[in-house]
Amino acid sequence: MKILVTGGAGFIGSHLVRRLVVQGGHEVVNLDALKYSGNPANVKDLEGKASYRFVHGDIADQPLVERLLREHRIEGVINAAAETHVDRSILDPGSFARTDVVGTGVLIEESRRAGVLRFLQVSTDEVYGSVETGSSTEDDQLAPRSPYSASKAGGDLLALSYWTTFRFPVVVTRGSNTYGPNQYPEKFIPLFVTNAIDDQPLPLYGDGRQRRDWLAVEDHCAAIEHVFLQGEPGHVYNVGGGNERENITVAEQMLAYLNKPRNLIRFVHDRPGHDRRYAVDCGKVRQLGWKPTVPFDVGLRATVEWYRTNESWWRKIKSGEFRAYYEEMYGKRLLDAGGK
Ligand SMILES: NC(=O)c1ccc[n+]([C@@H]2O[C@H](COP(=O)([O-])OP(=O)(O)OC[C@H]3O[C@@H](n4cnc5c(N)ncnc54)[C@H](O)[C@@H]3O)[C@@H](O)[C@H]2O)c1
């Protein structure tokens with residue numbers, strides 16, 4: 001199949017593109033705006049392959065999207081491009097609405113006009129909001145609480161409206177917290193691993209008892225591919241790893257793998273509106289034939305090992321734009337918590 005994947009230079013997108021090209025034998029055009037988390041190094045190994053093409057551009061650029069879809073006779077679109085970090089959505093909400101809602105709107109409208117056969121919108125379990133008990137099913141009402149999750153919910157619902165209104169064959173995945181190699185080190189797991197390697201404090205929000213369901217990136221990508229090919233149009237599929245853990249437990253586990261002391265953990269002022277817990281019921285996607293394969297302990301250990309042995313990948317990032325962001329996000333918090 002000829003597939004346009006957006007956001008394919010980012011964390012999940014790069015693993016997905018590799019999977020589709022190398023394992024799936026698909027032809028992939030990767031459209032990525034190369035924003036701060038988009039990294040050409042993530043897909044360097046695919047350069048030169050006849051079935052792969054990288055295009056630097058924005059999903060909200062209507063003439064560009066229109067041209068790409070027609071020029072490459074694209075049959076399927078997977079939209080993984082997004083602004084993705086909750087903390088940044090608190091600093092700059094506008095950019096989230098622009099890409100995650102408006103950009104998704106441009107991409108899906110052009111896909112419909114070009115007669116694309118399948119469109120998958122990569123959404124997130126965060127659209128359900130904080131779930132104190134039980135687990136969210138696909139029919140639950142969305143209750144996003146951050147500019148990130150609200151923008152993602154906007155894109156998710158916009159995509160679904162294209163099935164209802166136009167019978168345009170859309171499927172949506174709502175994946176849980178994903179971890180693995182190549183994740184920009186602003187996110188919880190790579191931030192903590194790389195800080196710990198450097199004996200720097202690990203800024204843990206609030207009491208550290210927030211719960212997330214961790215999903216290995218290879219399992220997430222397998223689910224996206226499976227739903228893209230097999231999912232029923234107009235349907236949503238929750239995708240979770242079945243590994244619900246408190247953040248503090250994950251932090252302690254990473255420190256243990258690295259042989260670093262627990263006192264690197266600093267409890268810092270919580271994120272405003274921090275969701276306490278996400279949990280998704282994955283019965284529907286399991287029925288479709290997907291299930292997670294990576295046990296959390298195995299996946300986390302391998303991920304920690306990847307960051308330990310790929311320092312050049314993350315040191316370059318952490319010495320750039322990241323420093324100003326980190327100072328803004330954690331500088332005062334760490335001082336208040338008793339020093340950096
Ligand atoms: N990481 C997670 O835990 C997780 C969980 C569930 C769902 N998701 C979703 O998966 C998708 C990928 O997330 P990720 O963690 O890989 O994020 P990421 O930040 O690593 O990658 C996002 C990519 O999108 C690109 N991008 C941003 N705006 C763009 C635009 N306007 N046009 C083209 N490209 C643009 C960036 O350059 C980057 O390469 C997102 O839709 C996210 O909401 C992520």
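Both counts, for ligands and for their atoms, begin at 1 and track the order of listing.
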*If you count only heavy atoms, which residues are under 4.0 Å from ligand 1?*
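For ligand 1, the residues that come within the 4.0 Å heavy-atom cutoff are Gly7, Ala9, Gly10, Phe11, Ile12, Asp32, Ala33, Leu34, Lys35, Ser37, Gly38, Gly57, Asp58, Ile59, Ala80, Ala81, Ala82, Thr84, Thr99, Val122, Ser123, Thr124, Tyr148, Lys152, Gly175, Ser176, Asn177, Thr178, Gln183, His220.
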*Are a donor atom and an acceptor atom from the side chains of Glu126 and Tyr148 found within less than 3.5 Å of each other?*
no
*Flag the pair Tyr36 / Tyr184 as yes when their ring centroid distance falls below 6.0 Å, and as no otherwise.*
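They qualify: ring centres under 6.0 Å apart.
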*Centroid-to-centroid, Phe296 to Tyr179, below 6.0 Å?*
yes
*asked:* Salt bridge or not between Arg98 and Glu83? Use side-chain N to carboxylate O under 4.0 Å.
replied: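 Looking at Arg98 and Glu83, the cut-off is not met.
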*asked:* Taking atom CD as the centre, does Glu321 end up with more than 12 heavy-atom neighbours from other residues, nucleotides or ligands that are less than 6.0 angstrom away?
replied: yes
*Check: Arg174 main-chain N/O paired with Lys152 side-chain donor or acceptor under 3.5 Å*: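 Here the side-chain-to-backbone pair does not exist.
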